[in-house]
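Have a look at the structure below before the remarks.
A quick note: this is a predicted structure, and the numbers were derived from the prediction, not measured. The figures that follow rest on heavy atoms only: side chains count, while hydrogens, waters and symmetry mates do not. Naming: A, B, ... by sequence-line order, numbering from 1 per chain.
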Amino acid sequence: MANPQKFLVTSALPYANGPLHLGHVAGAYLPADIFVRYLRQQGDDVIFICGSDEHGAAITIKAKKENSTPQAVVDEFHELNKQTFQKFGIEFDLYDRTSSEHHHKTAQDFFLNLYEKGVFEKEESAQFFDEEHQQFLADRYVMGTCPKCSHDKAYGDQCEKCGSSLSPSELINPISTLSGKPPVMKETYHWYLPMQKHEAWLRDWIENGKLEGVQQHDPKKWKPQVLGQCKSWVDGGLQPRAMTRDLDWGVKVPLEGADGKVLYVWLDAPIGYISATKKLGEQKGFDGEALWKENDRKLVHFIGKDNIVFHCIIFPILLKLHGGYNLPDNVPANEFLNLEGDKLSTSRNWAVWLHEYLEDFPGKEDELRYVLTSILPEYRDSEFTWKDYQARVNNELVAILGNFVNRALVLTHKYFEGKVPAAGAQNKEIVEAIGVAYSEVDAGIRSYNFRQALTEAMKVARLGNKFLADTEPWKLIKSDETKTGEILNISLQIAAHLGNIIQPFLPNTAKKLLGFLGLDANAICRNAFEVLKAGETIEKPSLLFQKIEDEVVEKQIEKLNASKAVQNTVNFKENTSFDNFQLMDMKLATIKAAEKVKKADKLLQLKLDVGGVEKTVVSGIAQHYSPDEVIGKTVLYLSNLEPRKIRGVVSEGMILMAENAEGALSFMVPEKDFESGGEVR
RNA sequence: GGCGAGGUAGCUCAGUUGGUUAGAGCGUCGGAUUCAUAACCCGGAGGUCACGAGUUCAAAUCUCGUCCUCGCUACCA
């Protein structure tokens with residue numbers, strides 16, 4: 001290639017507290033791998049970096065739960081994920097890890113550099129503290145009853161049952177997961193990054209691609225949802241972010257008197273990209289850090305949409321403050337991949353795990369790559385279903401791609417003893433179509449439109465099938481062997497280009513196909529149609545793809561449903577005393593009036609009649625009941641909760657609701673026609 | 001409620017700076033064919049481009065409003 005370009009490509013560091021699922025793959029790894037493979041094929045200079053993100057409270061908690069150590073947890077998943085990537089054919093230059101010494105050193109140096117520049121602000125705040133263990137509690141270390149769904153094992157940052165994100169102070173009856181005792185509030189301090197100071201240049205950089213007047217990237221090439229979300233954050237006003245945390249598992253804050261403090265993930269994880277590059281440089285004999293500073297090397301972060309703010313706002317601020325580093329050229333974040341109609345969820349075990357797929361479908365890595373590539377959530381959420389997987393494999397890989405290759409090779413063996421027959425005159429249309437395919441694939445991949453690029457690549461196989469159908473060599477052989485040979489020659493050349501063009505998407509298949517033809521992938525020039533010389537021997541082909549039978553996908557669907565059934569087990573709370581129960585004052589109440597609370601999606605303000613007494617209650621049921629359908633109902637009412645102001649309205653007690661597995665709510669109404677005010681015991 | 005992204009054929013999605021009868025793949029129906037894993041190839045049917053108004057000679061494409069989905073956010077005693 002005349003002008004090779006330089007790239008530094010990263011994929012989001014997977015968190016080492018669990019295995020990889022299809023959502024991860026479709027979000028950040030497969031697109032990056034296709035991108036990198038293609039650019040390398042074109043002769044570009046590409047470094048591809050990834051690794052395990054191994055710090056944070058979730059890992060220490062998992063360790064505690066399993067009676068293990070954080071190091072053991074991350075060792076397990078680092079190893080598993082690293083091997084899974086390898087088996088699946090995601091080829092990083094280095095799959096590093098943030099628990100490594102060199103990363104700690106790099107991250108500390110980075111922090112110190114910024115600290116010495118005075119970019120952080122030290123701030124005090126109150127946080128939960130475990131007196132028995134003499135330790136501040138990260139969000140995940142606090143457990144309590146979820147204020148939203150009453151799940152009694154919600155974490156301080158998130159309730160895993162209802163999925164709502166929380167802050168520790170919201171939890172009812174918080175307890176420390178270390179000691180099992182209620183924590184106390186205690187003052188602590190942290191270093192904050194005052195992001196609001198950087199709004200001006202950040203806006204110019206994101207919206208116009210300009211940094212200090214110099215064009216850095218083309219915002220038109222950024223995805224709408226990425227630009228939109230960034231603008232939304234900047235316009236909404238940036239807030240200071242804590243850059244440190246009270247925790248003993250992580251990169252220690254390299255300052256006097258900062259014992260028990262570690263760098264927060266915003267700093268730790270993205271710097272992992274840098275430390276991995278440095279490490280790679282040490283292994284390969286180049287200056288890894290310098291790659292981040294070459295002004296003609298483009299930095300591209302592949303991530304999921306949940307990571308946009310870190311990669312487009314926080315990390316760029318850090319890089320710029322540090323100085324010398326390139327800011328990303330693009331952050332082609334993907335949306336989410338759903339599974340069989342539901343969101344993927346590690347905690348609810350609703351996922352297809354990549355390592356399990358590789359076990360269940362040995363040798364079918366390319367099938368998954370193909371299906372995932374064709375449904376990548378590039379611009380909107382998309383959905384993986386096993387039925388769709390089966391249909392795409394059978395109708396496209398088997399019927400179009402595999403079939404064409406098989407036809408061309410079988411015919412060659414049948415009529416020409418497996419030797420490439422002599423070429424005739426060039427078929428201009430075919431040559432041109434191949435050229436178009438190359439340039440369309442190139443345009444697609446370089447603009448991060450991988451689905452489209454794959455479609456264009458598949459057109460080559462369709463072209464081959466059509467060419468065979470149009471020329472009918474199986475008929476022509478009876479009358480004109482020379483002409484038949486010329487047709488097969490063209491068909492084989494198409495197959496060769498097909499093998500070349502699908503290589504970034506389906507590397508194993510490409511290798512196999514080119515192997516049939518006795519070709520080396522690097523030997524194919526996109527501008528020269530004639531790849532195979534007359535007389536060369538072609539191997540007897542085996543099938544590139546097998547059909548996926550109904551039973552196979554049915555089994556996978558059953559497997560999923562089984563994991564869902566496990567999730568639906570009923571959780572019983574601990575026993576309580578009758579006295580405790582009697583403290584609750586529950587009554588029947590009739591809803592007399594209802595209206596939506598302004599500026600709140602979930603709230604209805606209800607006027608209740610409770611045996612002649614009027615009460616006002618604000619209830620979070622607006623997404624399940626409209627005001628109209630609620631009036632006149634006699635429902636179950638808990639009257640003696642402390643009154644509380646919600647959205648400016650004082651709520652006296654609460655309406656008790658039943659919830660089903662899908663999270664739908666239902667009133668509890670008396671089975672007989674009882675009047676309001678009736679006691680419930 | 002605020003912000004962001006979407007709402008195009010049964011399904012998955014394209015539709016560039018507004019410009020002839022709105023496209024592709026899958027599915028469906030019909031035809032042709034047998035080299036090929038009952039595969040391939042050709043053709044038909046199928047769309048009030050979420051809805052309403054506006055700008056324009058001309059709007060899926062621009063503007064405003066409404067509804068719906070997803071994400072972030074507030075709210076859930």
Side-chain angles (χ1 to χ4, degrees), chain A residues 145-150 162 164-165 170 172 220 223-236 304-306 308-309 335-336 338 343 374-383 385 387-388 391-392 394-400 402-415 449 451-452 454-456 458-459 461-462 464-477 484 487-488 491 541-547 596-604 617-623 638 641-649 651-657 665:
Chain A
T145 301
C146 176
K148 312 194 175 182
C149 72
S150 301
C162 66
S164 35
S165 52
E170 290 178 87
I172 302 160
K220 286 193 189 112
K223 297 187 183 188
Q225 70 266 30
V226 175
L227 280 178
Q229 215 181 106
C230 291
K231 279 189 209 171
S232 171
W233 272 79
V234 177
D235 291 347
K305 69 172 157 183
D306 49 335
I308 290 174
V309 63
E335 303 279 309
F336 287 153
N338 296 317
K343 283 172 213 177
S374 49
I375 59 168
L376 288 176
E378 289 175 334
Y379 295 98
R380 65 178 89 169
D381 291 356
S382 65
E383 178 157 329
T385 66
K387 239 187 102 198
D388 180 63
R392 286 183 194 275
N394 291 354
N395 299 333
E396 296 172 36
L397 286 181
V398 173
I400 308 287
N403 188 34
F404 164 63
V405 172
N406 196 42
R407 294 171 85 183
L409 300 203
V410 165
L411 286 169
T412 304
H413 274 277
K414 216 167 210 169
Y415 304 143
N449 292 305
R451 306 162 62 132
Q452 197 198 330
L454 180 60
T455 304
E456 296 296 335
M458 283 298 285
K459 281 188 184 169
R462 292 179 195 280
N465 276 320
K466 182 166 166 51
F467 179 68
L468 284 178
D470 289 348
T471 54
E472 299 182 311
W474 50 90
K475 279 186 183 166
L476 197 63
I477 187 68
T484 306
I487 286 164
L488 287 181
S491 302
S542 57
L543 296 177
L544 290 174
F545 303 102
Q546 305 280 345
K547 284 198 152 196
K596 284 210 65 172
V597 175
K598 289 205 173 93
K599 297 188 180 183
D601 277 359
K602 300 183 182 173
L603 304 181
L604 287 188
V617 164
V618 177
S619 185
I621 57 173
Q623 290 176 325
L638 176 58
L641 280 176
E642 289 291 334
R644 182 174 150 148
K645 213 174 194 181
I646 299 164
R647 285 266 142 188
V649 183
S651 180
E652 308 165 286
M654 75 188 274
I655 304 294
L656 302 184
M657 312 293 292
L665 297 181

Hey, does [X] reach any base, or is it just sugar-phosphate, or nothing, if we go heavy atoms under 4.0 Å?
{"X": "A/Ala391", "result": "nothing"}
{"X": "A/Val398", "result": "base"}
{"X": "A/Pro224", "result": "sugar-phosphate"}
{"X": "A/Leu488", "result": "nothing"}
{"X": "A/Leu411", "result": "base"}
{"X": "A/Glu472", "result": "nothing"}
{"X": "A/Lys223", "result": "nothing"}
{"X": "A/Ser619", "result": "sugar-phosphate"}
{"X": "A/Lys305", "result": "sugar-phosphate"}
{"X": "A/Thr455", "result": "nothing"}
{"X": "A/Val597", "result": "nothing"}
{"X": "A/Asp381", "result": "sugar-phosphate"}
{"X": "A/Lys475", "result": "sugar-phosphate"}

What nucleotide, of [options], holds the atom closest to the side chain of [X]?
{"X": "A/Tyr415", "options": "B/rA39, B/rC76, B/rC35", "answer": "B/rC35"}
{"X": "A/Lys547", "options": "B/rC35, B/rU37, B/rA14", "answer": "B/rU37"}
{"X": "A/Lys602", "options": "B/rG71, B/rC41, B/rA74", "answer": "B/rA74"}
{"X": "A/Arg380", "options": "B/rG6, B/rC42, B/rC40", "answer": "B/rG6"}
{"X": "A/Leu603", "options": "B/rC75, B/rU37, B/rA39", "answer": "B/rC75"}
{"X": "A/Arg407", "options": "B/rU37, B/rC40, B/rA5", "answer": "B/rC40"}
{"X": "A/Ser232", "options": "B/rC3, B/rC75, B/rA36", "answer": "B/rC3"}

Rounded off to whole Å, could you give me the [atom1]-to-[atom2] distance for the [X] and [N] pair?
{"X": "A/Glu396", "N": "B/rC13", "atom1": "CD", "atom2": "P", "result": "13 Å"}
{"X": "A/Glu378", "N": "B/rA14", "atom1": "CD", "atom2": "C1'", "result": "12 Å"}
{"X": "A/Asn395", "N": "B/rC41", "atom1": "CG", "atom2": "P", "result": "12 Å"}
{"X": "A/Trp233", "N": "B/rA5", "atom1": "CH2", "atom2": "C1'", "result": "16 Å"}
{"X": "A/Trp474", "N": "B/rA36", "atom1": "CH2", "atom2": "C1'", "result": "9 Å"}
{"X": "A/Asn465", "N": "B/rC42", "atom1": "CG", "atom2": "C1'", "result": "14 Å"}
{"X": "A/Leu468", "N": "B/rC35", "atom1": "CG", "atom2": "C1'", "result": "8 Å"}
{"X": "A/Asp470", "N": "B/rA32", "atom1": "CG", "atom2": "C1'", "result": "12 Å"}

Within the pair [X] and [N], is there a side-chain N or O less than 4.0 Å away from OP1 or OP2?
{"X": "A/Lys220", "N": "B/rU16", "answer": "no"}
{"X": "A/Lys466", "N": "B/rC42", "answer": "yes"}
{"X": "A/Lys387", "N": "B/rG27", "answer": "no"}
{"X": "A/Arg392", "N": "B/rG27", "answer": "no"}
{"X": "A/Arg462", "N": "B/rC26", "answer": "yes"}

Rounding to an integer number of angstrom, what distance separates [N] and [M] when you compare their [atom1] atoms?
{"N": "B/rG10", "M": "B/rG18", "atom1": "P", "answer": "29 Å"}
{"N": "B/rU73", "M": "B/rC64", "atom1": "P", "answer": "27 Å"}
{"N": "B/rA9", "M": "B/rU33", "atom1": "P", "answer": "36 Å"}
{"N": "B/rA22", "M": "B/rA58", "atom1": "C1'", "answer": "15 Å"}
{"N": "B/rG27", "M": "B/rG71", "atom1": "P", "answer": "31 Å"}
{"N": "B/rC51", "M": "B/rG7", "atom1": "C1'", "answer": "11 Å"}
{"N": "B/rG4", "M": "B/rA45", "atom1": "C1'", "answer": "39 Å"}
{"N": "B/rC26", "M": "B/rG46", "atom1": "C1'", "answer": "14 Å"}

Whether the side chain of [X] engages the backbone of [Y] through a donor-acceptor N/O pair (distance < 3.5 Å, no angle test) should be reported.
{"X": "A/Asn465", "Y": "A/Ile400", "value": "yes"}
{"X": "A/Asn406", "Y": "A/Gly402", "value": "no"}
{"X": "A/Lys547", "Y": "A/Val398", "value": "no"}

Hey, what do you get for [atom1] ([X]) to [atom2] ([Y]), rounding to the nearest 0.5 Å?
{"X": "A/Asp388", "Y": "A/Asn395", "atom1": "CG", "atom2": "CG", "result": "10.0 Å"}
{"X": "A/Thr471", "Y": "A/Ile487", "atom1": "OG1", "atom2": "CD1", "result": "4.0 Å"}
{"X": "A/Asn394", "Y": "A/Gln546", "atom1": "CG", "atom2": "CD", "result": "10.5 Å"}

Report task. Could you tell me whether A/Arg380 and A/Glu335 make a salt bridge, using a distance below 4.0 angstrom between a side-chain N and a carboxylate O? Result -> no

Query raised in the report: Does the distance from a Lys or Arg side-chain N to an Asp or Glu carboxylate O, for A/Asp470 and A/Lys466, drop under 4.0 Å?
Result: yes

Query raised in the report: More 5' along RNA chain B: A/Asp601 or A/Leu376, using each one's nearest nucleotide?
Result: A/Asp601

Requested in this report: Between A/Phe545 and A/Lys596, just flag the one whose closest nucleotide in RNA chain B comes earlier from the 5' side.
Outcome: A/Lys596

Query raised in the report: Does the side chain of A/Met458 reach to within under 4.5 Å of the side chain of A/Glu396, using non-hydrogen atoms?
Result: yes

**Report entry** Paired and unpaired positions of RNA chain B as dot-bracket, Watson-Crick or G-U wobble under 3.5 Å, | denoting a partner strand
**Finding:** (((((((..((((.....[...)))).((((.........)))).....(((((..]....))))))))))))....

Query - Test side chain to side chain contact (heavy atoms under 4.5 Å, CB included) applied to A/Leu411 and A/Leu468, step by step - result: CA-CA 10 Å; A/Leu411 286 169; A/Leu468 284 178; 4.2 Å; yes

Query raised in the report: Are more than 12 heavy atoms from other residues, nucleotides or ligands located less than 6.0 Å from atom NZ of A/Lys596?
Result: yes

